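See structure below.
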There are 2 protein chains.
Amino acid sequence: MESTQVVQVLRDRGYRVTPQRVEVINIVLEKLAKREHPTFNDILNEVKQKMPSISASTVYSILRLLEDSGLVTSFEHNGRTYYDSVSPHINVVCVNSDKVIDIVDENVVNLLRERGVQPLAITVKALCAGQ
Amino acid sequence: MESTQVVQVLRDRGYRVTPQRVEVINIVLEKLAKREHPTFNDILNEVKQKMPSISASTVYSILRLLEDSGLVTSFEHNGRTYYDSVSPHINVVCVNSDKVIDIVDENVVNLLRERGVQPLAITVKALCAGQ
DNA sequence: CTCCGTGCAAATGGTTTGCATCTTA
DNA sequence: TAAGATGCAAACCATTTGCACGGAG
């Protein structure tokens, strides 16, 4: 998804387009396109580089807005919130390293759908090989 | 799993068997046997009824011990930690109601295993029907 | 009798809230 | 120019930590 599309969705829903919102959207989409799983702090730090005066509470509220609008999703691990793309995929969270690896598996998603579950985010805690 | 077995595992590993540990183990196993997904507070409240002087930090440390020993697992949602059995199953967390529903699906677990993932806990955030 | 475990209180860290100020539409 | 967004500080809440006391082995 393009940042201009996201901005348009917000505009259509009657939300105002502020420089803070545009900046957060740009950073988040950039990270999600790279299949990263940024934490709130990852995003805040990145945004602060471009816009040093932005406040944490503003970033929290923008991320909540994006999530409530179905444009991103999130999951929690070790007390932190990770943000993620809404495309159907599986996040393998390595409990021994805190790394998160994406797996795309249509079969799993289809099996869930057959059971009546429309997944927003799939998270699998696992012990991961290699340390 | 029986509470006596859990106690034995702890003993074998050199951990002391205290009345607090036995009580927490009893409560947790009882809830997990009923396929419930107790939060930390659910467990604390229940334990306090039997043992009013127990402290939260003790319960936290016992639950961490059980989790580190592989006897239970946990997942996080809305800032709270939910405890869960280690049997392979899928937790569907309804974001619109905070309810958690278990699904047993060997196929999903097998697909994950084929991908080299040994799941400790599988969590699926979903919008659930019925309110 | 010796550690390990417990309980208390204080600290921590992520997130939310209240409110005055600023800005988009 | 009016409703909505921002930034700051304080509040919140789940969890962790430090430490003296107590009990399991």
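Model, not experiment: these values are computed from the prediction. Below, chain A is the first sequence line, B the second, and so on; all start at residue 1.
- Contact check, R80(A) against dG13(C): no side-chain N or O comes under 4.0 Å of OP1 or OP2.
- For the pair D98(A) CG and dG14(C) C1', the computed distance is 15 Å after rounding to whole Å.
- By the 4.5 Å heavy-atom criterion applied to side chains, T39(B) and I43(B) are not counted as neighbours.
- The separation between L10(A) atom CG and dG4(D) atom P is 15 Å, rounded to whole Å.
- At a cut-off of 3.5 Å, with distance as the only test, a side-chain donor of S74(A) or E67(A) sits close to an acceptor on the other residue.
- Atom CZ in R16(A) sits roughly 10 Å away from atom P in dA3(D) (whole-Å rounding).
- For the residue pair N26(B) and S3(B), a side-chain donor N or O sits within less than 3.5 Å of a side-chain acceptor on the partner.
- Defined by atom type and a distance below 3.5 Å, a donor-acceptor pair is missing between the side-chain atoms of S61(B) and T58(B).
- Interface residues of residues 39-61 of chain A facing DNA chain C, ordered by number: F40(A), S57(A), Y60(A); criterion, heavy-atom separation under 4.0 Å.
- Whole-Å rounding puts the E67(A) CD to dT15(C) C1' distance at 13 Å.
- For the 3.5 Å distance criterion, the side chains of D12(A) and Q8(A) qualify, holding a donor opposite an acceptor.
- Residue Q20(B) has a polar side-chain atom (N or O) positioned under 4.0 Å from OP1 or OP2 of dG7(C).
- Nearest-nucleotide mapping onto DNA chain D: of V17(B) and I62(A), the residue sitting toward the 5' end is I62(A).
- L65(B) places its CG atom 15 Å from the C1' atom of dA24(D), with the value rounded to the nearest Å.
- Side-chain atoms of H37(B) and D102(B) form a donor-acceptor pair, as typed in the model, at a separation below 3.5 Å.
- Rounded to an integer number of Å, the gap from CG of L63(A) to P of dA5(D) is 15 Å.
- As a whole-Å value, the separation of E76(B) CD from dT16(D) C1' is 14 Å.
- For dA24(D), neither phosphate oxygen OP1 nor OP2 lies less than 4.0 angstrom from any side-chain nitrogen or oxygen of R11(B).
- Here dA5(D) is the nucleotide among dA5(D), dA24(D), dT15(D) with the atom lying nearest to any side-chain atom of R21(A).
- Note that the CG atom of L71(A) and the CG atom of L65(A) stand 8.0 Å from one another [nearest 0.5 Å].
- Separating the CZ atom of R64(B) from the P atom of dG5(C) is a distance of 12 Å, rounded to the nearest angstrom.
- Residue T18(B) places none of its side-chain N or O atoms closer than 4.0 Å to OP1 or OP2 of dC4(C).
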